[in-house]
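Worksheet for the structure shown next.
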Amino acid sequence: MPQFTVNRRSVLLAGLGAAGAGLLAACSDSPASPPLVDPSGSPVARAEAARGGTGRERPVTITATADTVDLGGGTTARTWTFGALPGTPVRTTAGDTLVATLNNHLPDPTSLHWHGLALRNDMDGVPPVTMRPVAPGGSFTYRFVTDRPGTYWFHPHVGVQLDRGLYAPLIVEDPKEPLGYDEEWVVVLDDWLDGVTGSPDQAFAELRKGMGGGGSGSHDMGGHDMGGHSMPGSGSGSGKGNSNGGGAGPFMLMGATSALLGGDAGDVRYPHHLVNGRIADDPEVYRSAPGRRVRLRIVNAGADTAYRLALGGHRLTVTHTDGYPVRHEEVDALLVGMGERYDVLVTLQDGVFPLTALAEGKDAAGRALVRTGAGEAPAAAFRPAELDGRILAATDLRAAEEAGLPKRTPDRTHRIELTGGMAEYDWALNGRPFDMADPSARPFLVGGGERVRLEFVNRTDMWHPMHLHGHTFQVGDDGPRKDTVIVLPGRTVVCEFEADNPGQWMTHCHNAYHGEAGMMGLLAYRA
Ligand code: C2O
Ligand code: CU
């Protein structure tokens, strides 16, 4: 029966447009689930019309392609990119319609997902739920109103492609920007293995064998054309803590621990940590002048690494997370989970300063440099004291007044248990690994207009950055509005959102490997 479902689905999908994919999902095979809002149905069109917008179009072309990237310091890697690493930021002004044509020059199908945007469901870029995958050689034009200012980003929603170089910032500017600043810098953090120790697909294949690996974990890697890559682990990352038990192939990381993350910090060993596509030895240099006020837009595009970010010699004023304003907080360092964004303001001192992204629990770091005057750059291994100062996580923030949701009794509560573990690599929600071939089998149902309460209950002994598409929730009673929230092991995070964007939306762990293993679910509006 499941096999039949898969085949029938793919046959139908092959012949249908995006509308067909939605229609198909609407007539779910599962007799238990009621009809769902079609991703390209009239409620979706109505919600888009209600966004209004200026009518001004912002056309961009994004080409996904196999590429060799220069990570700096003579390190190059074969990978897939949007033509640069990170991809060139896309900017719109709130109210503009983004018209983004994706050309797929990759050997595999792909898509673009616009992370954090409350956009129309059929533009959300999740095959097969909201669209057909874009085949090799094919194109797709995304068209939607970007009505909320903020710092967002985009990446494919196919397999673990996000752990290649396929990511770029999306900045929606506020035509009435309330903050005053002289410059704006985008800071994209990423954990990197592609084309260095292997590929994300190989990493996933190794991980999913589990910690025991059935004793064969390391052996079948030789079958792939990895071209005799050397093992990672040279350099600053290998000092302590990462010595592993388990001991399968080159990708699984054991023993990475972080008190901030409540224990196990990550599953995957990365030879490099990048800030704006460059390694710490040969970093990007931001040049400015003392006294200038800068807005940093920080994006964690990593797949398996939280970063602790600090700028040596400076404090950071946090103004936004995940695009939404918060009550400003002055901190020394920020903990940024995969998929999360922070905007901060900083007033620059005179000299040369490291902007260090510590790979939390992994004993390694990426960095950029800020130069406003004369002086020697600190060594790549230098760790600014701010990393151990006041460290802020999103749960320490409160929503700005205009960003909080009005108090309302929830109409519906979904308790979502995060389950599974490293031993079997069986990450799941409520004990059921998600099946992308039958996505609407067991949706978390919501009704349009409802106030929905989500309880993310972490039953695992690892942290998970939980993400919801198409909405932002408010964390706790007066916490920040976010689309991605860290849930520590053994803890519960409660959040609420307004079900005001009809369609079918993924909710998942933004650890790319956990999500792909099955820590994913579909939150769907009843028709
Ligand atoms: Cu950043 Cu489901 O994605
Ligand atoms: Cu996870």
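Just follow the structure's listing: the first ligand is 1, and inside any ligand the first atom is 1. Below, all heavy atoms of this structure are taken into account, side chains as well, without hydrogens, waters or symmetry copies. Please read these numbers as outputs of a predicted model, since none were measured by experiment.
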For atom 1 (Cu) of ligand 1, what is the closest N, O or S atom on His510?
NE2
For a distance under 2.8 Å, tell me if His115 has an N/O/S atom near atom 2 (Cu) of ligand 1.
no
Are Met422 and Trp427 side-chain neighbours, meaning at least one heavy-atom pair lies under 4.5 Å?
yes
Could you tell me whether Lys482 sits above the aromatic face of Tyr342, with NZ or CZ closer than 6.0 angstrom to the six-membered ring centre and within 45 degrees of the axis?
yes
Tell me, please, whether Tyr324 has Arg148 positioned over its six-membered ring: NZ or CZ under 6.0 Å from the ring centre and within 45 degrees of its axis?
yes
Side chain to side chain, Val446 and His414, heavy atoms closer than 4.5 Å
yes
Of all the N, O or S atoms in His469, which one sits nearest to atom 2 (Cu) of ligand 1?
NE2
Do you see an N/O/S atom of Cys509, backbone or side chain, under 2.8 Å from the Cu ion (ligand 2)?
yes
Hey, which N, O or S atom on His464 ends up closest to the Cu ion (ligand 2)?
ND1
Nearest N/O/S atom of His514 with respect to the Cu ion (ligand 2), by atom name, please.
ND1
Would you give the angle at atom 2 (Cu) of ligand 1 between His508 atom NE2 and His157 atom NE2, to the nearest 10°?
110°
Does any N, O or S atom of His155, backbone or side chain, fall under 2.8 Å from atom 1 (Cu) of ligand 1?
yes
Tested for side chain to side chain donor-acceptor pair (under 3.5 Å) against Asp304, the lone hit among Lys362, Arg269, His510 is Lys362
Parallel, tilted or perpendicular: ring planes of Tyr142 versus Phe140, cut at 30 and 60 degrees:
perpendicular
